Amino acid sequence: MKKKSEKTGLVFFPAFDWAISPTHPEREERLLYTRDQLFEEGIMDLPQIVQYQPRLAELKDIARVHFCVPDIEAQAGEAHRIAAGGALVLADAFMTGKIKNGFALIRPPGHHAMRVVHGNRGFCNINNEPVMVEYLRQKYGLQRIAIVDTDVHHGDGTQDIYWHDPDVLFISFHQDGRTLYPGSGFADETGGPLAQGTTLNVPLPPGTTDEGILFVLDNLVLPVLEEFQPEIVVNSAGQDNHYTDPLANMSFSARGYARLNEKLAPDIAVLEGGYSVETALPYVNMGIIMAMAGIDYSNLYEPDYKEEYSKENPARLKQLAETVQRLNYVFSRRQELVAAARKKADSFFRKSRYISYDTDQIHEQQTETLINCPDCPGYLLIESEAVGARQGDAKIFCVSIPLRSCRRCRREALDLYAKTRRQPYEPYHYLYLQDRPADVYLQYDYITKKERAY
Amino acid sequence: MLIGIDVGGTFTDGVLYHEGSILNTVKKPTVARKLQESIIAVLEELLRGVKEKEISRVVLSTTLVTNLLAAGQEEKTALLLIPGPGLNLRRMNFFPSAYFLKGAIDFRGRITEPLDREEIVEIAGQIKAAGFRTAAVVGKFSCRNSSHERQAAEILQERIPDLRVVKGFQVSGQLNFLRRAVTAYYTAATMDKWKGFATDITSALRKRGLVCPIDILKADGGTMPLEASLSHPCETVFSGPAASVMGAFALTRDNRTSVVVDIGGTTSDLALILQGQPLHASKGAILGGRYSSIRSFAVRSIALGGDSAIRWTGKDIELGPDRLGPAACFGGPAATPTDAVNYLEGGILGSLSSSEEALGKVSRQAGMAVKELAESVVAMVTGRLAAEIKEMFKAWEQEPAYRIWEIINKQKVKADRIVGIGAAAGAFVPALAGRLNCESFVHAYSPVANALGAAVARPTVSLLLHVDTENGTYHLDREGLAGEVSYHFRLEDAKKLALQQLQRIAGLRGIGQYADRYEFFREEQFNIIRGWTTCGKLFDIGIQIAPGVIDEFKGVQA
């Protein structure tokens, strides 16, 4: 059983030797001033804080989540594996009762990385939170998990990964997709047909302040979490809602972040974006650490902060209230919605879409097929073709069996993988199997005729 | 000839070293209230039959400051903090009697909030009324811009001309406001008494006819001239364990990984030498129960020594944590771990019959044979030490790293050998080494290795340089030396500047001959980018003369 600990775990991994390119926002300098502020403050010396060293995530930890093209090594460099490993270290410390909560201050970030990874999108290759979530499920048997994404950009990668998973509640609030990358995360994106209502998106109008974001937290996020009763709450803690962020247009303050974190009380927070490296990050990160550790943050403020920055304009509040009401309604009717979808559909659901990789300029065309099963969330088949990838164009086919699949679905999915593998011609470059119930992950290369197990 | 004297809590040890041989060793009980006398008594014996002018160096390692702090005898000192935004120290009871000033400086050294002169004048009045004679002024990020500390100190001294004021930037250039505050406070609080000690000891030595340099051993294993220590008294804390580690270093002198085990009467100190480099504590020495910015070796002390009392609790054998006196084999009152070894080894240490008799008392209570008890005790001692050593390695491996290569390259380091230091080391270290599957190293001079370590330790100096080319400034720690640089300043220029400053300081301290032994322990370069263009660079350069032994040291013949 878990013992009670009063400590807040901290992994601080600024990756001072990793950047996308020298002047890119995701560069070495990003956490430099944060380091200066944390170190000068001496917060790591306080008895409430215990610092952990990150480790290198295993390839298998990544295979649980992603289908990497051409292989995991090509997409997950050492920096990515250490960032993900930082989250895993905190997951272990939390589950074994060594900490009461933890904050992984790591880079590179991950929440734009989807299931299929042909390259870098939105500064992300490997999605750190799902890697941690799937590790928690396999190693500690957790089932119900909530991820609250507070980055200013929609967490479209995490949404994609848990779109069909009714056991993971994904809530993202972010600047309205009509005005910011990645251009998604609208209120009507509420999860796949068999996981309706466990994906919730709140687009925030540009300029939303502390008061507005805390309104969403109080009136949607907290009540929904209360109802969902997750075993663990994960926060994708982006810091680009700050009023000085150069890539977005929001008006959140360091103290607002501390307040948000105090109310949300996540078990594990993982850093995502935030590119106001000098005027926001040092203060926001301090605020989050202080709030998690229960340290008084009333003396924390940005040098140019003024109280009136926190006030919200009534028109915006009204708009937020409407969105919140609508999403509460969807969430409360989620079981009926799933039942109706199941009844209405044939034996499967299919959707095709185009995915753009802004950083690596890759164009991906994807067709997703979900088996409509009356007894389980169904298994998923993905066909994906990418143009413009560094490693050359590739076409792949993936079979993903969810943890809670029924025996019949799993059997069918395994047979399908075996059958596809045996095909005499070469329909794809690579074939993937994600067998989560058995914790087995395979990749087959049609050219070399070799199968690799992670 | 070199003299090293280590004033420990129980004993003061001294050695006289000359060209590969230890000519004389002395061990005398320490008289806590009269450290000067203990030092002079040891010195007298070492000098017997030696010409004073042949002595080329005296190094002292002393517990004076440690004792002052332990006994709460530091001087009443006013602490003035300029914390700016961040932790709410007023409510944290960090230093109950601290005064808080307005004003703030950020991580780039920019003033984001001005000082309030009126406020400082008012506080000066309170300080004067309360009768403080010393004060410490410490501001957040004063290592990036010391102007607030200087101005506040100036205002205080205008109002109270005889007030001694220590400024934060003078004690540490590292980023850590809390540790800098602790260090500045205790520096101010011990400066006067340390100066008294230094003056006394200098005049006593000069009167005795010694004309050589007098050096002080620091917690980081290096020495500094006694003169230089006047402004940095806290650097002398924990020089005892540092002396032992430097002793082990001097006796081994290679690139292997050693665990230094110093087994005293009631406690044992453990330290690591990783691939020939003594390991420093990541958080700094603890002063008055708080972390400071004093660099010290990572030493783990456990309450178990060669003289710990052995008892039967009715259920188990218990060791210590108290000491009733010396081991029974040396005429002590009760059985100790030393007796257990003495008994098992047939009386190699002292009286066999005394050990057997004392152990017999406990073994009868426990209903076991004497041999069985003695074996259990040795197993318990080595077991505890082995467990602590494993923990130390684990703690080291888990120390945070901030770069990819640090994590990839931090291979698991294993102990090659156990180096025993102290009188009781010979009794336990071989068994301990056997248990940990590594070599045992116990030198004939292990009992006085601490004094030897002091005698041959070389001076250390460490400097941090911070350069900000966007602001066009550089800042050097310690002396608060600041200046201007051009926008085109490069990493190589920063390194050159750091080296020049190191050479200058080494020259001032009379240790210029070691200035070429420098190493850069930090070399950081960051681009400052606003929008998508580079508008400057930040450099952080750390340069040091690392701990080591002096050139005159040629090893020791056993």
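Convention: sequence-line order gives letters A, B, ...; per-chain numbering from 1. Predicted model only: the values in this text are computed from it and were never measured.
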Report task. Without swapping roles, check the side chain of B:Thr257 against the backbone of B:Leu274 for a donor-acceptor pair under 3.5 Å. Result -> no
Query raised in the report: Under the 3.5 angstrom rule, does the side chain of B:Thr112 hit a backbone N or O of B:Asp106 as a donor-acceptor pair?
Result: no
With a 4.5 angstrom heavy-atom cut-off, is it the side chain or the backbone of [X] that approaches chain A, or both, or neither?
X	value
B:Arg90	neither
B:Tyr291	side chain
B:Arg290	neither
B:Lys283	side chain
B:Ser282	neither

Query raised in the report: Which one of A:Val11, A:Val277, A:Leu300 has the most heavy-atom pairs closer than 4.5 Å to chain B?
Result: A:Leu300
Requested in this report: Count the heavy-atom pairs under 4.5 Å between each of A:Leu247, A:Asp45, A:Asp296, A:Leu31 and chain B, then report the option with the highest count.
Outcome: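 Max contact count across the listed options: A:Asp45.
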Given heavy-atom pairs under 4.5 angstrom as the criterion, report whether the side chain, backbone, both or neither of [X] touches chain B.
X	answer
A:Tyr283	side chain
A:Glu278	both
A:Leu46	side chain
A:Arg27	side chain

**Report entry** B:His280 and B:Phe297 aromatic centres sub-6.0 Å
**Finding:**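 Yes, ring centres under 6.0 Å apart.
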Query raised in the report: Are the ring centres of B:Phe95 and B:Tyr185 closer than 6.0 Å?
Result: yes
**Report entry** Reported CD-to-NE2 distance for the pair A:Glu78 and A:His80, which is rounded to 0.5 angstrom
**Finding:** 11.5 Å
**Report entry** Reported CG-to-CG distance for the pair A:Asn120 and A:Asn125, which is rounded to 0.5 angstrom
**Finding:** 4.0 Å
Query - N-O pairing of A:Asp358 and A:Arg121 below 4.0 Å - result: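 So A:Asp358 does not pair with A:Arg121 through a salt bridge.
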Query - Options B:Ile528, B:Thr533, B:Thr534, ranked by heavy-atom pairs under 4.5 Å with chain A, top entry - result: B:Ile528
Query raised in the report: Think A:Arg30 forms a cation-pi with B:Phe526, using NZ or CZ under 6.0 Å from the six-ring centre and within 45 degrees of its axis?
Result: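 Checked: cation-pi criterion not met.
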